[in-house]
Amino acid sequence: MPAMPPRLSRDFYARDTIIVARDLLGCELVHVMAEGTRIGRIVEVEAYLGAHDLAAHSAKGLTPRTQVMFGPPGYAYVYLIYGMHHCMNVVTEPAGNGAAVLIRALAPVQQLAGRSAGPGLLSKAMGIDRRHNALDLLGDTLFITAPASPVAETVVSRPRIGVDYAGEWANKPLRFYLEGNPHVSKP
DNA sequence: AGGATGATATCC
DNA sequence: GATATCATCCTC
């Protein structure tokens, strides 16, 4: 088995959120668990640009929940939605901006538990829940590695899912995915 | 189209 | 303390 590509650096996450979102496509999300290591290839993401983005949780300002979003880049922001599903994000840009990228779908690579097309499903398949909130993605438990091979697919952008309440921000094309990939949640 | 199901923010 | 809302998923 080939050596695993290097972990993404703090500087990778510190960049502009749209750039980070696009560059995360093709990267691999890794969760080292007692039962084994689960790995999925990122095929769909959404960018949440910061406190001025009305669709972002950080638009509410600094609260206990959004604390992680306003913190330094390269940390996991995981929350429970609709009382039953977990969503995983990575914090981007320098501390204070409240920006993050939601990971929406993975193609299975190793040991995924069930389907991973959609933010709730992928969290379940990867064994990720609220306990992972505020976890450093440069640590040894949960991290992201650079693409195992060059990303050949075309990246397409569409409006984000489930943010109709956000006015004109709901229409901005801040959802990115790999065209034609069968594991995208809503092609 | 509608229900599950609990944390969060925002009122009183 | 009560209530509305929710970056979803499943079943009908």
Side-chain angles (χ1 to χ4, degrees), chain A residues 13 15-25 27 29 31 38 40-71 73-93 96-108 112-135 137 142 144 155-178 181-187:
Chain A
Y13 296 109
R15 300 174 300 156
D16 177 85
T17 302
I18 291 177
I19 303 292
V20 175
R22 296 184 62 111
D23 283 357
L24 278 172
L25 294 171
C27 293
L29 179 62
H31 186 195
R38 301 188 186 183
R41 181 173 184 257
I42 299 171
V43 299
E44 179 183 355
V45 297
E46 280 177 3
Y48 287 87
L49 303 189
H52 60 291
D53 176 356
L54 266 21
H57 291 168
S58 54
K60 296 282 181 188
L62 185 57
T63 69
R65 182 199 208 185
T66 60
Q67 200 175 11
V68 184
M69 267 190 102
F70 283 103
Y75 283 77
Y77 168 46
V78 184
Y79 60 91
L80 182 67
I81 190 66
Y82 297 113
M84 56 186 98
H85 304 292
H86 298 273
C87 292
M88 187 199 160
N89 305 250
V90 305
V91 177
T92 59
E93 302 190 18
N97 287 15
V101 173
L102 170 66
I103 312 227
R104 282 194 58 90
L106 305 172
L112 288 203
R115 285 173 300 153
S116 52
L121 287 172
L122 88 80
S123 296
K124 184 162 187 276
M126 285 289 292
I128 293 169
D129 59 43
R130 254 185 6 268
R131 299 191 307 266
H132 301 275
N133 189 42
L135 198 63
L137 297 176
L142 187 63
I144 303 176
V155 174
V156 303
S157 60
R158 294 285 184 275
R160 294 172 290 186
I161 303 289
V163 296
D164 292 344
Y165 58 86
E168 62 179 31
W169 282 92
N171 301 322
K172 296 184 185 292
L174 295 174
R175 171 174 172 249
F176 304 94
Y177 61 87
L178 298 179
N181 191 286
H183 299 97
V184 169
S185 66
K186 296 190 179 173

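Naming convention: chains lettered A, B, ... in sequence-line order (proteins, then strands); numbering from 1 in each chain. Since the model is a prediction, treat every value here as computed from it, not as a measurement.
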| Contiguous Watson-Crick or G-U pair runs (3 or more, under 3.5 Å) in DNA chain B |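 Counting only runs of 3 or more consecutive pairs, the stems involving DNA chain B are B:1-4 with C:8-11, B:6-11 with C:1-6.
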Atom pairs and distances, side-chain donor-acceptor, residues 96-103 of chain A, under 3.5 Å, sequence neighbours left out:
from	atom 1	to	atom 2	distance (Å)
A:Asn97	ND2	A:Glu93	OE1	2.8

| task | Check for a donor-acceptor pair, side chain of A:Ser116 on one end and backbone N or O of A:Ala107 on the other, with a separation under 3.5 Å. | result |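 Between the backbone of A:Ala107 and the side chain of A:Ser116 there is no qualifying donor-acceptor contact (under 3.5 Å).
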Between side-chain atoms of residues 78-85 of chain A and protein atoms elsewhere (two or more places apart, or another chain), which donor-acceptor pairs fall under 3.5 Å?
none

| query | Between which nucleotides of DNA chain C, read 5' to 3', does contact with chain A run, using atoms under 4.0 Å from its heavy atoms? | reply | C:dC6 to C:dC10
| query | Is there any salt bridge (charged side-chain N to carboxylate O under 4.0 Å, His left out) pair reaching into residues 114-129 of chain A, and which pairs are they, with sequence neighbours excluded? | reply | A:Asp129-A:Arg131
| query | For A:Arg115, which contact category applies under a 4.0 Å heavy-atom criterion: base, sugar-phosphate, or nothing? | reply |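 Here A:Arg115 touches the backbone only, sparing every base.
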| task | With heavy atoms under 4.0 Å as the rule, sort A:Met88 into base, sugar-phosphate or nothing. | result |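 Nothing, no nucleic acid heavy atom in range.
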How would you list, by chain and number, every residue that makes a side chain to side chain donor-acceptor pair (under 3.5 Å) with [X], sequence neighbours excluded?
X	result
A:Arg160	A:Asp53
A:Arg175	A:Glu44
A:Asn133	none

| Residue pairs passing the side chain to side chain donor-acceptor pair (under 3.5 Å) test where at least one lies in residues 55-69 of chain A, sequence neighbours excluded | A:His57-A:Tyr77, A:Thr63-A:Thr66
| request: Quick one: list whatever passes side-chain contact (heavy atoms from CB on, under 4.5 Å) with A:Lys172, sequence neighbours left out. | output: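 Per chain and number, A:Lys172 pairs via side-chain contact (heavy atoms from CB on, under 4.5 Å) with A:Trp169, A:Leu174.
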| field | Sequence-distant partners of A:Asp164, side-chain contact (heavy atoms from CB on, under 4.5 Å), two or more places apart | value | none
| query | Could you write nucleotides 4-12 of chain B as a row of B, S and -, 5' to 3', where a protein heavy atom under 4.0 Å of any base atom gives B, of only sugar-phosphate atoms gives S, and otherwise -? | reply | BBBSSSS--
